[in-house]
Amino acid sequence: AIEKVRLAEDGWNNRDPAKVAMAYTPESRWRNRDEFITGRDEIAEFLTRKWAKELDYRLIKELWAVEGNRIAVRYAYEWHDDSGNW
């Protein structure tokens, strides 16, 4: 489980929207505030927009719990905008 979390963290920190999207099922559904995202193409489009604004994005994932085939992860991230505000 720890290796899976670390691989996911590394994938996100590479900031390649197409590669990150491929880690999710074709039917994946996300919600980001008031935006609803469905499928890999929309995930890649969302991440492209996100990382264009959130410069030097860095994700930290930590394994929180494991039970059977489920894991829980705590995450934190940081980034700055084009004005240098973190």
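Considering only heavy atoms from C-beta on, Trp12 comes within 4.5 Å of Trp51 through its side chain. Between Asp81 and Lys53, every side-chain heavy-atom pair lies at or beyond the 4.5 Å cut-off. Looking only at side-chain heavy atoms (C-beta outward), Leu47 and Ile43 come within less than 4.5 Å of each other.
Two different hydrophobic clusters hold Val5 and Tyr77 under the rule that ILVMFWY side chains link at heavy-atom gaps under 4.5 Å. Cluster annotation: Leu7 and Met22 are assigned to distinct hydrophobic clusters (Ile/Leu/Val/Met/Phe/Trp/Tyr, side-chain heavy-atom contacts under 4.5 Å, transitive).
Between Trp30 and Tyr24, the distance from one ring center to the other falls under 6.0 angstrom.
Phe36 and Glu42 get closest at one heavy-atom pair: O-OE1, 3.9 Å. For Glu9 against Lys61, the heavy-atom pair with the smallest separation is OE2-N, 2.7 Å. Taking all atoms of both residues into account, the shortest heavy-atom contact from His80 to Asp56 is NE2-OD2, 2.6 Å.
Contact check on Glu3 versus Arg6 returns no salt bridge, with no Lys/Arg side-chain nitrogen under 4.0 Å from an Asp/Glu carboxylate oxygen. The pair Lys50-Glu35 fails the salt-bridge criterion, with no side-chain N (NZ, NE, NH1 or NH2) lying under 4.0 Å from an Asp/Glu carboxylate O.
Applying the side-chain contact (heavy atoms from CB on, under 4.5 Å) test to Ala44 and every residue at least two apart in sequence or in another chain returns Pro17, Ala21.
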